[in-house]
Each structure stands twice: as C-alpha cells, then as structure tokens.
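Input: a single structure, listed below in structure tokens.
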Amino acid sequence: MKTIRSSTLALASLLTAAACGGDSGRGGEWQGTVQDSAGIPVVHNTGPGIWSGEPGWALEEVFRVGGLDAGTEGEFSLVVGVDADADGRVYVADQQARHVQIYHPDGSFAGTLGAPGEGPGEFGPALMGVFVSATHVRVPDLTNQRVNLFTLEGASDGVVPFRLTGGVPVRWDEAAGDVLTAQLRGMDVEGMAALPLGDPIITVTGEDAQPDTLGYLPKGQSLSFAGGQPRIRLFEPEPVWDVDGSGRLAAAMNGEYRIELRRDGAVERVVTRPVERRPVTERDQERVRDMMGRLMAPQGAPPQVLAQIISSIEFAEYFPAFAQVMLGPDETLWVQRIRAVEQVDDATEFNPQDLGSPDWDVFDADGRYLGVLTMPGTFQPLRLVGDVLYGIETDDFDVQSVVGYRVRPR
C-alpha cells in the first residue's frame with residue numbers, strides 16, 4: 001500500500017497524543033513487554049490497547065464515484081487498484097473492463113487510459129493495478145507480461161517487459177522514490193522458476209540493471225504442486241506485506257500474529273499480539289464448496305468434472321490469524337482482522353480469498369497496540385495517498401464504488 005510521503009501536522013499531533021494518552025477516552029496504559037532477540041526488539045502486546053475508549057482518529061468521506069446511480073463513466077466491473085496524483089486526480093484500474101478511469105478530485109470524469117488488446121497502451125485480462133509517479137502512470141499487465149507506461153497527460157509512453165518464467169508477479173506496490181515493486185511466486189512446473197528461497201520482493205525499473213531484492217517472503221501454503229498437478233488447500237498461511245514511501249517493509253506469514261518491520265533488508269522490530277485462531281468447521285467447508293460450484297457452473301464444465309474439482313479442494317485446520325497488513329501514517333502499523341465464514345450471513349456470498357474484517361488493529365511506531373479502527377460499511381482500503389485512504393465499497397447488489405476517506409483527528 002502506498003503510504004504518505006510526509007505526515008501532516010494534524011496527523012502527527014494526533015498520533016503523538018494517542019501514544020502518550022489524551023482526551024476522548026484515550027489514555028490507557030500500554031500493556032505488554034519488549035524482549036531483545038539478537039539485538040532486535042520483539043514487542044509483545046498483551047492488553048486491550050492504549051485507546052481506552054473510542055479510536056484516536058476518524059474517517060471523513062471526501063471522494064466517491066460509482067454505485068447504482070452512476071452513469072457509464074462511473075461504472076466499475078472489478079476494481080483492482082486505485083491511486084491519485086499530485087493534483088488530486090484519482091486513477092481506478094478495472095480488471096474486467098481492461099482500462100483505467102481518471103476522475104477529478106470532485107468525482108467528475110476526466111478520461112480513460114488503455115483498452116483491451118495486445119498493442120501499445122492496451123491491456124490483457126489480467127490487469128493488476130495502477131501506480132502513479134511524478135512523471136508516469138504505470139499499469140502492470142500479467143497477460144501481456146509488461147508494465148504499460150502512460151504520461152500524466154494520458155499518452156502511451158512505452159512498456160517495461162517482464163517474463164513469467166522468472167516468477168509470477170502476484171502482488172505489486174510502490175517503495176521509496178515511486179519505485180515499482182513486485183512479489184514473485186515460484187512454480188514447481190516445467191519452464192518456470194521454482195524460487196526455493198521463497199517469494200522475492202523485487203524492484204521493477206525498466207533499466208538494464210538487475211532488479212534489487214528488498215527481501216524474501218516464505219512460500220505460501222495454499223497452492224503447491226505434486227507431479228506437476230496443483231494442490232489447493234484453502235485458508236493455509238500466506239505471506240502478506242506492505243512497503244511505504246520511506247522504504248520501510250512490513251512482512252509476515254498470516255498463520256501467526258507476528259509481523260516483522262524491516263528497513264534496507266534488516267529487521268528493525270517484531271510486533272506480536274495473542275490471537276486465538278478459529279477452526280475451519282465442516283459447515284464452513286460446505287458453504288465454500290457450494291459457493292465455488294455456483295461460480296464455476298456457468299463456465300461450461302461438465303457436471304461430473306465440476307463435482308470432481310469441487311471435491312478435491314482441501315482445507316486448513318484453522319483460519320489465518322489475520323488478513324492483511326498496512327503501513328499507516330507516522331510509521332504506524334495496521335493489521336486487518338479475520339472475518340470467518342460463520343460471521344457472514346447466509347444471504348451474503350462468501351469469498352474465501354477475501355477474509356478481511358472491517359476491524360483493523362493499530363500499533364504505534366514503537367509497535368505498541370493502540371486499539372481498533374473499524375472501517376465504514378463494506379469499505380476495503382487499497383491505497384493511502386497523503387491523508388486520504390482510497391478503497392472499494394460494495395453494495396447489496398455487488399455494485400462497486402471507489403471511495404476516499406480523509407484520516408482526521410477526533
């Protein structure tokens with residue numbers, strides 16, 4: 001997630017007050033211990049948090065496009081990325097529509113980048129986000145194995161190629177200096193790199209020099225290969241990470257509530273919090289299989305084949321300890337809690353790849369637990385730009401809106 005490059009005075013004052021104790025019910029004592037592990041502080045949080053009452057900040061809506069009442073210029077099919085430039089224009093990458101929509105800060109339509117295809121400035125069906133630098137809009141395109149470049153004026157300006165044989169980019173982000181980064185996943189199949197050391201996070205610059213490696217993540221356990229055949233075990237631990245504009249990296253395997261904070265490849269701090277993982281029940285498994293069957297049936301697979309695929313899905317014993325991590329303002333750490341299948345009502349479609357709860361645990365720069373910040377409605381954050389948090393909201397009809405919330409002190 002792209003975090004702010006410089007904290008505003010309001011946010012800095014807010015977070016200082018929250019860490020030291022203040023008004024509005026925030027003033028509890030931190031409960032926990034700090035242990036030294038080979039020179040690395042390990043922060044064990046054991047209490048309810050420094051915020052003894054309401055959270056130390058609130059979210060104020062400042063941007064919204066999309067929804068049922070939107071015209072054709074505000075319709076979204078599958079949003080996979082949001083970013084904003086220095087002038088406040090908002091860029092929305094739509095994977096299914098295979099283009100990037102641009103909006104003025106007031107939500108009015110400003111234009112479109114790209115179109116479906118394989119030529120210059122065109123996107124394949126595996127669009128993977130949008131990232132705005134001081135000079136370019138960059139759109140990773142997995143199908144065409146390249147990053148498409150556009151000027152801020154909207155002109156196509158070349159590509160940065162990459163090869164899937166060296167590892168499949170499964171997640172993209174930005175690091176210090178607007179450097180594009182990617183997490184590569186190895187595949188134990190012929191013609192693909194296995195990457196036995198784990199998933200490297202590399203820089204993607206387009207220059208002839210070899211990319212820098214910011215660090216390695218352990219291999220995810222949800223997908224493996226045996227005899228060239230894939231094996232899927234839902235809810236097994238997976239690596240999660242985030243990098244901010246200062247080059248700080250948060251990384252963890254989400255099977256354990258233990259997050260490493262790294263800089264320049266070295267671990268600076270480890271943050272932990274006790275969490276009781278929920279078991280995956282038989283009811284959970286039945287519901288997920290039913291949902292996957294409904295999703296796959298329209299694709300035309302014969303019923304016998306579909307039944308075989310569904311029955312072959314395996315499940316972990318427990319849900320992960322948390323869903324995602326995000327580096328927030330003033331070196332805070334945000335950790336998204338898990339929403340298990342049992343917490344989703346039967347009328348709602350459950351997505352096993354989206355386990356995130358609206359509740360986020362927030363830790364200060366020293367790794368001390370502050371408390372919980374609950375996102376509004378169905379809001380799922382994607383990008384923090386300045387003091388505005390951009391993300392997606394989905395209504396009861398699965399219609400998406402792109403919304404921006406300003407982070408402000410109470």
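By the 6.0 Å contact criterion, CD on E314 is enclosed, its count of non-hydrogen atoms from other residues, nucleotides or ligands being greater than 12. For I40, the CD1 atom sits in a packed shell: over 12 heavy atoms of surrounding residues, nucleotides or ligands are nearer than 6.0 Å.
How far CG of N45 is from OG1 of T272: 6.5 Å, rounded to the nearest 0.5 Å. Atoms CD and CD, on E331 and E268 in that order, are 7.5 Å from each other to the nearest 0.5 Å. Here CZ of R287 is found 10.5 Å from OG1 of T281. Values are rounded to the nearest 0.5 Å. Note that CG of L373 is 5.0 Å distant from CG of L59, once rounded to the nearest 0.5 Å. The distance from atom CD of E276 to atom OH of Y257, rounded to the nearest 0.5 Å, is 15.0 Å.
Between F322 and A252, the closest heavy-atom pair is CZ-CB, 3.8 Å.
Residues E393 and S401 bring no donor and acceptor atom of their side chains to less than 3.5 Å of each other. Between the side chains of Q380 and Q336, at least one donor-acceptor pair of N or O atoms lies under 3.5 Å. Looking only at atom types and distance, the side chain of Y216 has no donor-acceptor partner in the side chain of D199 under 3.5 Å away. In this model, a donor atom of one side chain and an acceptor atom of the other lie less than 3.5 Å apart for S246 and R263. Inspection of the D359 and T374 side chains reveals an N or O donor paired with an N or O acceptor under 3.5 Å. Defined by atom type and a distance below 3.5 Å, a donor-acceptor pair is missing between the side-chain atoms of N254 and E238. In the model, S108 has a side-chain atom that pairs as donor or acceptor with a side-chain atom of D106 under 3.5 Å.
A 4.5 Å side-chain heavy-atom check between M128 and V80 finds every atom pair outside the cut-off. For the pair D173 and W241, the minimum side-chain heavy-atom distance is below 4.5 Å.
The only member of I50, L370, T46 that meets side chain to side chain contact (heavy atoms under 4.5 Å, CB included) when paired with W30 is I50.
For D94, the salt bridge (Lys or Arg N to Asp or Glu O under 4.0 Å) test picks out no residue, with sequence neighbours left out. Shown here are the salt bridge (Lys or Arg N to Asp or Glu O under 4.0 Å) partners of E286, two or more places apart in sequence or in another chain: there are none. Legend: residues meeting ring-ring contact (aromatic ring centres under 6.0 Å, His included) with F131, ordered by chain and number and at least two apart, are absent. Taking R98 as the reference, nothing meets the salt bridge (Lys or Arg N to Asp or Glu O under 4.0 Å) condition, with sequence neighbours excluded. Residues satisfying the side-chain hydrogen bond (donor to acceptor under 3.5 Å, both in side chains) test with E73, not counting sequence neighbours, are none.
Taking the ring axis of F363 as reference, the NZ or CZ atom of R368 does not stay both within 45° of it and closer than 6.0 Å to the ring centre.
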Might you work through the salt bridge (charged side-chain N to carboxylate O under 4.0 Å, His left out) test for R262 and E260, ending with a clear yes or no?
CA-CA 6 Å; R262 310 176 188 173; E260 293 183 353; 3.1 Å; yes
Test F162 against W172 for ring pair (Phe, Tyr, Trp, His ring centres under 6.0 Å), laying out the working first.
CA-CA 13 Å; F162 58 83; W172 298 76; 5.6 Å; yes
Does the side chain to side chain contact (heavy atoms under 4.5 Å, CB included) test come out yes or no for V130 and V137, once each step is laid out?
CA-CA 7 Å; V130 58; V137 180; 3.6 Å; yes
Show the numbers, then the answer: is there a salt bridge (charged side-chain N to carboxylate O under 4.0 Å, His left out) between E174 and R138?
CA-CA 11 Å; E174 282 179 319; R138 299 160 296 175; 2.3 Å; yes
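Annotation: F235 is not in aromatic contact with Y318 [ring centroid separation under 6.0 Å not met].
Residue pairs meeting the side chain to side chain donor-acceptor pair (under 3.5 Å) criterion with at least one member in residues 32-42, sequence neighbours excluded, are Q35-H44.
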